[in-house]
Amino acid sequence: MSNDERIELAELLFPNIKHDRNYYENMYPERKLKEGAMVTRFGPSPTGFVHMGSLFGSFCDSVFAKQSNGIFYLRIEDTDQKRSIENGIDGIFSDLDAFDIVPDESSIVGGEYGPYIQSERTEIYQTYVKDLIIRGYAYPCFMTEEEIAAIREEQEINKTKLGIYGVYAVDRDLSLGEIKEKLNNSEEYVIRLKSPGNSKNEVEFIDLVKGKIKFPENDMDLVLLKKDGTPTYHLAHVIDDHLMHTTHVIRGDEWVSSIPLHIQLFDILGFDRPQYVHTAPITKKDDGGIRKLSKRKDPEAKVSYYDEVGIPIDAVKLYLATILNSNFEEWYLNNSEKSIDDFTFSFDKMAVGGTLFDLDKLNNISKTYFSRKSGEDVYNETLAWANKHDLEYAKLLEENKDDMIKFLSIEKDGPRPRKDIAKYSDVKEEFSYAIDSMFIEENYAKNESNKVYDINLVLDYINNYLDLNVTNEEWFNKVREFAVENGYAATPKEYKKNPDDYKGHVGDICEAIRVMITGRMKSPDLFSIMRVLGKSRILDRIDLYSKIYK
RNA sequence: GCUGCCAUCGUCUAAUUGGUUUAGGACGUCGCCCUUUCACGGCGGAGAUUACGGGUUCGAGUCCCGUUGGCAGUACCA
């Protein structure tokens, strides 16, 4: 086809495209950012809610943009209208928002480089494709699905590479006359790349996490515009990331094999290539095999799962940070005052292979997260959570605010704070003794002890020995005295030496008190609990206990 | 089939870029200690002949080749 014929073809195919590419090049000039600032983007399809994998991706995007004083923007990739679901976009925004991942530019907050929804950029894509046709790098392809399937079958039998390339790209050299004829017959077509590549040549590129990768050059005539004039991911990626001036394309590593195509497209279009960062998937063991975490099969893949179960969002982010950079975990352990924002992430500390999702680790991270929070913070966060997921409990929390904070603050100060809560829902369980109205008979059934304790002994102690206005040490010494007077050993050690000489030891007395006033065998510091409760509530509980066990 | 990536304790990983490594840490697990219980903390154990085989080298977890295994892509889906 001659130059003039290609221009004629381009006009024929895209009569409505009036601008040329310079129009857009001028409309979206280079960003004015500091040296080293990264421009990253998250490009979800509105096909459902955000899952762990894409949350991880967007977390990377935002972290690297933030720490380099760059820009993180969100681009909705909805070029496949068949898969898009209703409210899909809203779901993405609300999920990201819940994790405090805030794009600097998006279809909601706007920005100079929009529109940020691909379905609104069709004209832009077509402008560039029109240019490609004029320059002989693209052509209309009229192959039907059946024809393509037949080719594929043939290729499978011959065990050659699958796809439309070389001799299989039957429409790549159609004459203008032939094309016109098909157009007049209203045959449907797509626009394919007329790949200038040769698979015998090698292309090389640097991936910032995987390093140098070599591929055979792309020689496939891949689809650029679909039958409906909408772009494929490949085309949209190249044009958008160029026009929006993305510096670092961070995406899942299922894309690495398309790299030869993408860099070819960048080159043909005369764009600078971005840096590529391909991240390993988060995986899960399943039936002996390993697969990506799946929204369908794994509840923990759903980002909303964590909120439902009561794992703090920041704990999840902390976990994401530990799988993002292998040196983060140790840093966080050694910097108890710092937060994720204080850590400098780097691409070379990212895992190359897939990472198995480890709920145990998340749990542990969540526990240390809680241990570093003050009682008041734990209270406030738990209340906020309960307001969403357990209104009844939320009400009780509000009614018992002062007490709750006191209980939650026990053994919180000092270098080794308590580390017993992993989820907001644990608070209700672990602190079941904290709220009077929840402290009912059934509580005692849960104390996992079959023992029946000596009520009179405990009453004697409470009435005649307990002084709540002393130090913990003074208090415990008193308990010791009381124990000895009643035939109990002062220490467990003494008891163990001569068990026959005693009825038991101090610990047994504490256990009796603990079970009666908390309903549990385990609790934070007993004396602290008693101080919060006060004598009369202690007596009430003993009274309740005696009703059941007498 | 073709193309590419990956391979260190159950899991996540470290190993100053080939040089005291009896391969380090964290999570999990087990035991002991601390202790009025639990949690925390401390100490310790089990758990990896660095997938396997060859090569280069004075020296290999680290470099090269092969094998095996896992993963991904191979769409008018992203």
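Both backbone and side-chain heavy atoms feed into the values below; hydrogens, waters and symmetry mates do not.
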Looking at A/Arg152, I'd like to know whether one of its side-chain N or O atoms comes within less than 4.0 Å of OP1 or OP2 on B/rU74. no

Just compare B/rU36, B/rU3, B/rA39 and give me whichever is closest to any side-chain atom of A/Pro216. B/rU3

Atom CD of A/Glu330 and atom P of B/rG25: how far apart are they, to the nearest Å? 11 Å

Under 3.5 Å on both distances, the Watson-Crick or G-U partner of B/rU3: B/rA72

So, OP1 or OP2 of B/rU3: does either fall under 4.0 Å of a side-chain N or O from A/Ser199? no

Once you round it to whole Å, what is the distance between P of B/rC2 and CD of A/Glu217? 21 Å

Side-chain N or O of A/Arg520 less than 4.0 angstrom from OP1 or OP2 on B/rU37? no

Under 4.0 Å between any heavy atoms, over every strand shown, what does A/Pro417 touch: base, sugar-phosphate, or nothing? Just pick one. sugar-phosphate

Is the base of B/rU68 syn or anti, where syn means the angle lies within 90° of 0? anti

Is the centre of the A/Tyr424 ring less than 6.0 Å from the centre of the A/Phe370 ring? yes

Pair partner, B/rU35 [Watson-Crick or wobble, under 3.5 Å]: none

Quick one: are the ring centres of A/Tyr488 and A/Tyr502 less than 6.0 Å apart? no

Just to be sure I understand the rule, does A/Trp475 reach a base, reach only the sugar-phosphate, or reach nothing, if contact means heavy atoms closer than 4.0 Å? base

With no hydrogens and no angle check, do the side chains of A/Tyr125 and A/Asp240 hold a donor and an acceptor under 3.5 Å apart? yes

Ring centers of A/Phe59, A/Phe56 separated by less than 6.0 Å: no

Under the rule for ring-ring contact (aromatic ring centres under 6.0 Å, His included), what residues qualify as partners of A/Tyr319, not counting sequence neighbours? A/Phe357

What is the separation between atom CZ on A/Phe328 and atom C1' on B/rU13, rounded to the nearest whole Å? 15 Å

In Watson-Crick or G-U wobble terms, both distances under 3.5 Å, what is the partner of B/rU20? none

Have a look at A/Met143 and say if it touches a base, only the backbone sugar-phosphate, or nothing, with a 4.0 Å heavy-atom cut-off. base

So what does A/Val352 touch, heavy atoms closer than 4.0 Å: a base, only the sugar-phosphate, or nothing? sugar-phosphate

Check whether more than 12 heavy atoms from other residues, nucleotides or ligands sit under 6.0 Å from atom CD of A/Glu188, and answer yes or no. no

Polar side-chain contact A/Lys361-B/rA26 base: donor and acceptor under 3.5 Å: yes

5'-most contact on RNA chain B (nearest-nucleotide basis), A/His234 vs A/Gly354, goes to A/Gly354

d(CG, A/Asn218; C1', B/rG73) in whole Å: 13 Å

Scan A/Lys367 against the nucleic acid and name what it touches under 4.0 Å (heavy atoms): base, sugar-phosphate only, or nothing. nothing

Would you please indicate if the ring centroids of A/Tyr276 and A/Trp255 are separated by under 6.0 Å? no

So, does A/Thr322 get its side chain near the phosphate of B/rC12, meaning an N or O under 4.0 Å from OP1 or OP2? no

Side chain of A/Glu254 (C-beta onward), nearest among B/rA39, B/rA78, B/rC5: B/rA78

Can you tell me if A/Arg416 touches the phosphate of B/rA39, counting only side-chain N or O atoms and a distance under 4.0 Å to OP1 or OP2? no

Could you tell me how far B/rG61 sits from B/rC32 if I compare only their P atoms? Round to whole Å. 37 Å

Give one of base, sugar-phosphate or nothing for A/Ile509, where a contact means two heavy atoms less than 4.0 Å apart. nothing

For B/rC71, does either OP1 or OP2 sit under 4.0 Å from a side-chain N or O belonging to A/Lys292? no

How long is the line joining CZ of A/Arg83 and P of B/rC76, in whole Å? 14 Å

How would you label the contact of A/Phe357 with the nucleic acid (heavy atoms, under 4.0 Å): base, sugar-phosphate, or nothing? nothing

Between B/rC76 (C1') and A/Glu187 (CD): distance, integer Å: 16 Å

Can you see whether A/Tyr433 has A/Arg541 sitting over its ring - NZ or CZ less than 6.0 Å from the centre and within 45° of the normal? no

Centroid-to-centroid, A/Phe407 to A/Phe431, below 6.0 Å? no

What's A/Ala280 touching, base or sugar-phosphate or nothing? Going by heavy atoms closer than 4.0 Å. nothing

Contact class for A/Ser523 (heavy atom, under 4.0 Å): base, sugar-phosphate, or nothing? base

Tell me whether the side-chain N/O atoms of A/Lys349 come closer than 4.0 Å to OP1 or OP2 in B/rA15. yes

Would you check if A/Leu324 and A/Cys60 make a side-chain contact, meaning some heavy-atom pair closer than 4.5 Å? yes

Is B/rG61 paired to anything, Watson-Crick or G-U wobble with both distances less than 3.5 Å, and if yes, which nucleotide? none

Using only side-chain N and O atoms of A/Lys284, determine if any of them is under 4.0 Å from OP1 or OP2 of B/rG70. no

Assuming nearest nucleotide by heavy-atom distance, tell me which of A/Asp508 and A/Leu356 is located more 5' along RNA chain B. A/Leu356

Quick check on B/rC38: is either OP1 or OP2 less than 4.0 Å from any side-chain nitrogen or oxygen of A/Lys419? no

Just how far, in rounded Å, is P of B/rU36 from NZ of A/Lys522? 19 Å

Would you say the base of B/rU3 stacks on A/Phe215 (centre-to-centre below 5.5 Å, plane angle below 30°)? no

Could you check whether A/Arg291 gets within reach of a base, just the sugar-phosphate, or nothing at all, counting any heavy atom under 4.0 Å? nothing

Between A/Lys200 and B/rU3, is there a side-chain N or O to OP1/OP2 distance below 4.0 Å? no

Which of the following nucleotides, B/rC27, B/rA78, B/rG10, is nearest to the side chain of A/Ser45? B/rA78

Identify whether any heavy atom of A/Thr79 sits under 4.0 Å from a base atom; if not, whether one sits that close to sugar-phosphate; answer base, sugar-phosphate or nothing. sugar-phosphate

Looking for any heavy atom pair under 4.0 Å, which part of the strands does A/Asp525 touch: base, sugar-phosphate only, or nothing? base

Nucleotide paired to B/rU29 in any strand shown, Watson-Crick or G-U, under 3.5 Å: B/rG45

Do the side-chain N or O atoms of A/Asn364 get closer than 4.0 angstrom to the phosphate oxygens (OP1, OP2) of B/rG28? yes

Would you indicate which nucleotide in B/rC5, B/rU13, B/rC76 comes nearest to any side-chain atom of A/Lys226? B/rC76

Distance-only donor-acceptor test (3.5 Å): side chain A/Arg514, base B/rU36: yes

Check the distance between B/rC2's C1' and A/Glu154's CD and give it to me in whole angstrom. 16 Å

